[in-house]
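Down below is the structure, laid out as structure tokens.
Sequence lines set the chain letters: A, B, ... in the order given, protein chains first and strands last, and positions in each chain run from 1.
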Amino acid sequence: MNILLMILSAIISLVTGMFFLGLARKIMAMIHWRYGPPIYQPLIDVIRYFHQRAVSHGFIFDLGIIISLIGSLLVVFFLPLGNISSFSNSGGLLVILYILILSPLGLALSSGESANPNASIGISRKLILTLSYEFVLIIILLSLMSQYQTISLQEIVMLQARKVWSFASWKLILPGIAYLLILPAMLGFRPFEIAGASQEISAGPSVEFGGKYLALNTINHGLLHFITIALFVNLFLGGGDLFGIFDSISGTFWGSFVSLIIFLIKMILIFVISVFINAVFPRLRLEQATKYILYYPLSIAIVGLIIVVAIN
Amino acid sequence: MDRNQIGKWLRSPQKMSNKYSLHAVYFCTGCGIIEIPPSITTRWDAERFGIIPAPNPRQANLFLITGYVSLKTLKAIIRTYEQMLEPKYTVGFGSCPINGGMYWDSYNTIKKLDKYIPIDGWIAGCMPRPEAIFVAVTHLWTLIEKDMATGYIKYRKNYKQYRANQEKIYGSLDWPPLYK
Amino acid sequence: MILFYMMIFAFVGAFLIYFAGKSFPRIKEILAVVISFLLFLFVALLYGKDFQINYHNFLGFHLFLRINMFSWLFALTITFLGFLSIIFSLSYMKDKKNNAFYYMNMLFVNIAMLGIVLAGDLISFFIFWEIMSWSTFLLISYKKGSALPASMKYIIMSIIGSLSMLIGILYLYDLTDTTIISQLSHIIRFINKGDVIFVVILFSIAFGIKNAVIPFHNWLPPAHSEAPSPFSAILSGILIKMGVYGFLLLFYVIIGLDIIFHLTGLTIVLNVLAAITIIFPTFLAILQNDAKRLLAWSTVAQAGYIFMGITYGTELSVAGGIFHFLNHAIFKALMFLAVGAIEYRTKGIRDLNSLGGFIKKMPFTFAAMLIGAMGLIGLPLTNGFVSKWLIYKTLILNGSPFLAFAALIGTWGTILYSYKLIHNIFLGQLPAKFENIQKAPFSMKMPMMILSTIIIFFGILPGIPLQFINKIIVSFGYHPLNVSLFGIVSDSGNLNIINILAATFVIGVLIVLFFRSGRKSVRVDQYDNYAAGSFIPKEKYSYTNSFYAPLDRFLNSFLKDYIDIFYCKSAALIRHFCNGIRKIYTGYVGSYVMYILLFLAVLIFVQLNWSVF
Amino acid sequence: MKKLKDKIEDLFDNVIINDFYQNRIFVKTNKESVVSLLNYLKELGYDHLALVSCVDHVEENEFELVYILSAYIHNEHENQEKTNIIIKTRISREKAKFTSIINLFENAEPYEREIFELFGVDFVGHPRLKPLFLEINYETPPFRKDFDTRKFVDDFFANIPIIEEIEDEK
Amino acid sequence: MRKLEMYFGPQHLGMVGNFSITLQVEGDRILEAEANPGYLHRGFEKLMEQRTWMQNFPLVCRINVVEPDHIELIYAMGVEKLAGIEVPERGKYIRSIYCELARVASHLFGLWAYANMLGFDTVANWAMYHRDLLLDLFEELTGARVYHIYIRPGGVRRDFPAGFEDKIVKTLHKIGSKVPDYNSTFFENKLFEKRAKGIGKISLQEAINMGAVGHAIKALGMKYDIRKIEPYAAYDQVDWNVPTRKDGDAFSRLLAIRDDMIESVHMIFKLIDKMPKKGDVYTKTPNPFKWRIPDGEAYVRCESSRGELGLYIVSDGGLNPYRVHFRTPSYSHGLTILEKALVGENIADVGNIMISFYVVAPEIDR
């Protein structure tokens, strides 16, 4: 059963990830007054990459990108998707936080081996940006974990379904806002599209990636979109719950199905909002982005955490 | 468009994906580049056909050589072309790369580009309108479909001749030969 | 008496090496390896024993050696790392002068540390502590030159610590009439709290200096970077953990759980110190450009994690702290050895800005460094993960989110500096002058291999070391953890490595298969690289210099080692002052020592007269 | 217009000034006084160096260097006219050499580099006289009148063979 | 210490035009920048010496791809000056309108480039679309989208078609109605301001010393505009201002460009109102194949959208020019000023600074 769930969640995340990539391009095209590519264009791209004869710079160049994808897929198993959760009960949010490191680290190793300074600059930017939003993310997760007194994501989702969504509960609204503010940074969207800025450093970390490396990188990109938003939906929007309307069929097959659909719809909503933000902002410089994150979202998150701790 | 036919995808995914995911190298080799921004933006929207500029040659498979090629540019073109991954397609844009165009008597521009790198197709005119790019792309699709866009294979096969021609211009090239 | 004979054997062996090195130069290396291996074997054979012996009486003090699970774990780590670093030294020290002296001191340090963990009373504890301090001093100053000021800094701090500890021991003796640890733990509950806090402060200065807790950390970075690399491994891996041992001994064995966590505000102060010790050194490490200095600052930060674990005082945190000590000893030793291998092959270059691309030349060292760094970051499936997980979990669930924040953000800083270390040494373009560099010799590879294996092994099967640690914390008076072979079970969130391992394995195999099904890739040279259409020049196309430039600028504006600056300033001030009063006080003893002595005297005076504590 | 013309004529010998068309002053001078003339004009307020050019008078075997100045701020009271001053001087064509004026006008630097490359005029005091535009070495600098581009094209580019397809042997 | 040498261009997504800048970088700071032009060098001025006076028109417009019209104008003006030809009144007006349209199109292209450089696709797409509307006008007028070859010595090639003035007004109104959108999403966007303020700053003294023209000097508060100083075509017939800014950084240059664009649009409206409704648009010139222009030399200048455009032209009385030399605004901007302005900047801003100086590579290389 567990293995079936794993396969299912892997497929859902991969498909949704690719869909998100296509959706982003389509929405951006619409905002540009264009018709835009078909929604499955990223898939075509990936197939094309896969059939190209890539260049490799060494063993770690291959291994790093594989590690990166493993890291991303692994996180998916720890995330409850609606009622589907493969092993959300082994280590909880702390493990998720740690496995989330794997993906950038693998990418960093791989592009570091490619010996291109553009890639190195991209990685350096990515790590610094990640550090700065991680300040906020950690505080947000800590306030949730302190509030619900558990480190298990599954339990947080369940408690929300029983009480009120975190985003709507007054104690956790500040962390929720902080999360929304750093969401574009986590997704790598403008104004925080700094690591892969193609006009500045030629796509940054993926500068030497071509062929199947780029294919894996693209898939990974989609997965990271999926993970970031799924985490938000799980933490703040109650996962697959919709005001308890479908409580009566929970536990059954249809209950799981409905919760999955609700979950995906919530994700798409959040994603579309992020794409809109992406469309109307230019790219910031790294220092400005870091400063912004460390001023506004961080202070909001700290106030949120203080409120949570003080009330408990 | 036959992009939507699943049967074709199953039969030859490589060909189909090569056709409908043409990422162009962004290299402003000559004045032809002025028509590239209109064709990738709102008015002509090349992204409909999966054509977008790629940030670097490793991720691209279409090389639009947009206009005259000076000697200095040719070096960069060869370098960029050799860094692209196979299969890769080149299209000469405008009359200048075909035969020198209006710079037929210039001391610093290449007259026939296909002496130095293989070209899969030409777009004549000075300068060709954005529509011409799309016509060229549909022709390129046909060529890919019929396995006739084989410039990169030709390059590999006749590499010695190409390299000799390139070295005739520069005396010697900085980088080692790509093939053997 | 076996413990006593073991110590005697070790001391004799150490002297033997020195004299053998004078007459038969070949034999000293073999002797050093054999002796250190025998020590390791002896200690390993002592597993499960629990006894103490009175080996000598001295001025009415009864001197004891003892062994139990607690000291066994530490002793095993010490002898094991000592053995490995001596093997590593074989090629590292080959062409150096006076290496018999080096091997002797190396053994001395090991024996002294062994003595510390085996000591059954505070007097022998102090004696071994002093032996350790002085032989460490000799080893740090081994390279001369810039190593001398570093070693001076170390020894001055050490003297302060030792004096403070001596006063503590005497004060305790005055109160309880005994120095034997097993007796002390019974008597101590009859002493009033003020005295206990005073003793804790005195001992904490000594142990804090060794453990490099802020504000006593300033000796560590220079000492670590100037010492010979195999000794840096020892220094960082275990020597500074003698402070940890001391803290554990003081808090959990001598004073005991019942008292220590009822002392007002003490744990809070210690925890805050630990949090500061995690954050500031982490970000200082990011600024470093010297490979060993970067690792040294990292050591300070990781010591902060351990300190946080053992002072937080729940069973999870203490277990996590002890486990992290073990892990840190392993991965930090590994990283120092890897840097040592690089230093050996490049003839002493460890400036991160002038290296690069070594993965092509020294792949094994790269793998070792990578595994070490993964352990340091604490990625799942390495040992560092489990110990950090334990600490975080208890911090979060026991309502200390701000401490948890410090610990978690420290991890992200760790990622930044470990990637910088790996990138600047191993990735990027290889400079032309290193084109003919050779792989690390076997005697360097072997210790690295063993240590890397242990990192992965403990990472996948954390149950094995946790069993031992469980016994230790039970002996401290805690409830045992619910440990399985692959993780920990508890009500508020489980840890199960086997799940992660299985999933990683399955996904890994699938992705590799998927990856291989794509078109085969072509291996290209490092010069066949995108450079906007140009052919890249050798030497110039590598981004190593100031890797985190924006962050560096940001941190540089306020992050300095203020405490070190303060110490140096005050030392200069005292020297100035002493120069002024030289007519009264002639002779040079070290202004620093004087200053601290006066301070301690004032403290004692205050305590004796008014009993403020 | 009169005033500026008179001023220059008063201060410098060897200058021939003719105002060819309206709003332009053409000053012919010998090569020694070019720098001092430029300096004088700059102090007078003609601080914008619009162009440095070179004309190859192949029959007279001389290069003519042309400096074109104008003023950013036009001030009638300080005798600045809305005009371009064109200073011309002749130098020998063999081993052509002239003084660099980078110290006076910074933007002369690429112009001088260009003239060095395309005409072969050496500028003394120029910090980086290296090729600006050209990738390969031409025997005669290409902008000289005796460089025949059509002949060069025939010799150089027409000689490069067309790629002959190698038939598959297998 | 290993110094990093980075290449910005020629094959780079952030490079507009075929140009290359070699950067010496430490961390993310630029220590030294060296412009590396020549990728587009075709030896124009040499080629022109081998063609007749009229044959050169197809050549000259290719010197600047983005706005070939001003180059045509300056060459025509040079020939007119040498040959002593006068332009009829209506021809002058048409030239002005046509050049101002080209200026607006060119500024929109610049807007595309700058927005694209910041990853600001939305504005980039809009700008390019609006430029295309203008290109449609050109196409109707001249038959070509990019290289129009419309201006000839003595006037323009042909008169406006019927109702063309209304079309111009209509199109400009259509673009003008989107100016508030541009303002709110781009020019008044806080993030854009953050990004552009303070980068690529040059002082007035430096700018004067290095020969800055166009909005590079207008952004420093100096009203240096050839249209005012030495009016040509019909610029002295209508009333208009030279918009200036004070700071001299990329932000004020961009705003100077926007103001210039708006001023141009207003000027076109005024010109259309004031234009004589009938009349010749060109003066007859001799048979181009036998046209010899008397011995002489001339320096003419006009204000292109990048700044002062000059032409030094020498005739020896033959069928061909003896020597032509274009003074292009990008030349000093791209080779002297850019090298200075980039020092000490962040590598993220290289493209932005380059575009804010409006460097167009073919103008430099010629």
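Taking the six-membered ring for Trp and thresholds of 30 and 60 degrees, F156(D) and F152(D) have nearly parallel ring planes, at less than 30 degrees apart. Ring-plane geometry between Y358(E) and H215(E) is classed as perpendicular, the angle between the planes exceeding 60 degrees on a 0 to 90 degree scale with a lower cut at 30.
Side-chain contact, D365(E) with Y39(E): no donor N or O sits under 3.5 Å from an acceptor N or O. N39(D) and S36(D) form no side-chain donor-acceptor contact under 3.5 Å, judged by distance and modelled atom types alone. When only modelled atom types and interatomic distance are considered, S92(D) and E62(D) share no side-chain donor-acceptor pair under 3.5 Å.
Per-residue heavy-atom pair counts under 4.5 Å with chain E were compared for E106(D), R128(D), E135(D), and the maximum is reached by E106(D). Most heavy-atom pairs under 4.5 Å with chain D, from the set E49(E), R301(E), K223(E): that is R301(E). Contacts with chain E were tallied for R113(D), E114(D), E109(D); E114(D) has the most, counting heavy-atom pairs under 4.5 Å. Comparing L40(E), N36(E), N209(E), V314(E) by heavy-atom pairs within less than 4.5 Å of chain D, the highest count is held by N209(E). Put simply, of H41(E), K46(E), E230(E), the one with the most heavy-atom pairs under 4.5 Å next to chain D is K46(E).
Heavy atoms closer than 4.5 Å to chain E are found in both the backbone and the side chain of P110(D). If you measure heavy-atom distances from L104(D) to chain E, the contacts under 4.5 Å come from the backbone alone. The contact between I86(D) and chain E is made entirely by side chain atoms (from C-beta outward), counting heavy-atom distances below 4.5 Å. Contacts of M222(E) with chain D are made by side-chain atoms alone, with heavy-atom separations under 4.5 Å and no backbone atom involved. Looking at K340(E), the atoms closer than 4.5 Å to chain D (heavy atoms on both sides) all sit in the side chain, from C-beta outward. Neither the backbone nor the side chain of I337(E) comes within contact range of chain D; no heavy atom of the residue lies under 4.5 Å from a heavy atom of that chain. Contacts between K42(D) and chain E at a heavy-atom distance below 4.5 Å involve the side chain alone, from C-beta outward. Residue contact with chain E, scored on non-hydrogen atoms closer than 4.5 Å, involves the backbone of V52(D) exclusively. Proximity to chain D is absent for every atom of E206(E), based on heavy atoms less than 4.5 angstrom apart.
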Task: Check against salt bridge (Lys or Arg N to Asp or Glu O under 4.0 Å), E34(E) and K130(D) - done: CA-CA 12 Å; E34(E) 195 185 340; K130(D) 56 181 187 183; 2.8 Å; yes

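Taking both residues in full, the closest heavy atoms of Y72(D) and H48(D) are given as OH-ND1, 3.2 Å, listed atom of the first, atom of the second, then distance. Closest heavy-atom contact between S315(E) and P294(E): OG-O, 3.3 Å. C302(E) and H70(E) make their closest contact through SG-O, 4.2 Å (heavy atoms, listed as atom of the first residue, atom of the second, distance).
The number of heavy-atom neighbours closer than 6.0 Å to CG of D239(E), taken from other residues, nucleotides and ligands shown, is 12 or below.
For residues 85-118 of chain D, every residue pair satisfying the ring pair (Phe, Tyr, Trp, His ring centres under 6.0 Å) rule, not counting sequence neighbours, is listed here: Y111(D)-Y331(E).
In this structure, M48(E) and F326(E) have side chains that are in contact, with non-hydrogen atoms separated by less than 4.5 Å.
Residues of residues 304-312 of chain E that come closer than 4.5 Å to chain D, counting heavy atoms only, are E308(E), Y312(E), ordered by residue number.
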